[in-house]
Amino acid sequence: MWTPWAPCTDQDGNINRPNKFCRKRGNEKQDKYVSSNGVELISGSSWTEGNLFVDGKPVHDWGWYGDGKANAKVVCRMLGFNNGDPTMQSKFGPVDQVFGMGYVRCIGTETNIQSCYHNCNRYCDRVYARKAAGVICSDPF
């Protein structure tokens, strides 16, 4: 069975899987699933979905509309999946931080979400609790 995810740290807090996919120990309200490239899916019901955070900050869903499928494909490929569907409006719960990325436009061939065009414009200096982008990944490779 395919399972790239394992705890990031052992019970003493030592990193046991550097540069690999891992599951951070989170609290009951907000579990984080991360990869070593700074992408986190937060608050989903499993490690295949969640609100998208990049380098610890949420991604605003403005720009996720229309081209969202290509954006989701890039994110999910980064996490070890062939396919992904975009979610909007903080589907996996409200966020309480300023946004790190907004108006994301991927072609779909990029290897990293940060390689896609993005422009925070007026969206990254505020908190919009119900405006986080997210993904639901499927078809692991």
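Taking all atoms of both residues into account, the shortest heavy-atom contact from Pro86 to Ala72 is N-CB, 3.6 Å. In terms of heavy-atom proximity, Glu110 sits nearest to Val74 at OE1-CG2, 3.5 Å. Of all the heavy atoms in Glu49 and Ser45, the pair that sits closest is OE2-OG, 2.6 Å. The two residues Gln97 and Lys57 come nearest to each other via the heavy atoms OE1-CA, 4.1 Å.
Going from atom CG of Asn51 over to atom CE of Met88 covers 12.0 Å, rounded to the nearest 0.5 Å. Separation of atoms SG (Cys137) and NZ (Lys73) is listed at 12.5 Å; rounding is to 0.5 Å. With rounding to the nearest 0.5 angstrom, the NZ atom of Lys131 is 9.0 Å from the CZ atom of Phe99. Atom CD1 of Ile136 is separated from atom CG of Asn83 by 12.5 Å, given to the nearest 0.5 angstrom. Distance check: Ile107 CD1 to Cys116 SG gives 8.0 Å after rounding to the nearest 0.5 Å. To the nearest 0.5 Å, atoms CD (Glu40) and CG (Leu79) are separated by 10.5 Å.
Residues Cys106 and Ile113 meet the side-chain proximity criterion, which asks for heavy atoms closer than 4.5 Å. Looking at heavy atoms from C-beta onward, Val135 lies in side-chain contact with Cys76 at the 4.5 angstrom threshold. Between Ile42 and Phe53, some side-chain heavy-atom pair lies under the 4.5 Å cut-off. By the 4.5 Å heavy-atom criterion applied to side chains, Leu52 and Val39 are counted as neighbours.
Of the possible polar contacts, one joining the Ser46 side chain to the Thr48 backbone as a donor-acceptor pair under 3.5 Å is found. Between the Asp61 side chain and the Gln89 main chain, a donor and an acceptor come within less than 3.5 Å of each other. Put simply, the side chain of Arg77 gets close to the backbone of Gly108: a donor and an acceptor are under 3.5 Å apart.
Under the 4.5 Å side-chain heavy-atom criterion for ILVMFWY residues, no single connected hydrophobic cluster contains both Phe92 and Val54.
Gln114 and Asp55 share a donor-acceptor pair across their side chains, judged by distance under 3.5 Å alone.
Below 30°, between 30° and 60°, or above 60°: for Tyr117 and Tyr103 the angle between ring planes is above 60°, a perpendicular geometry.
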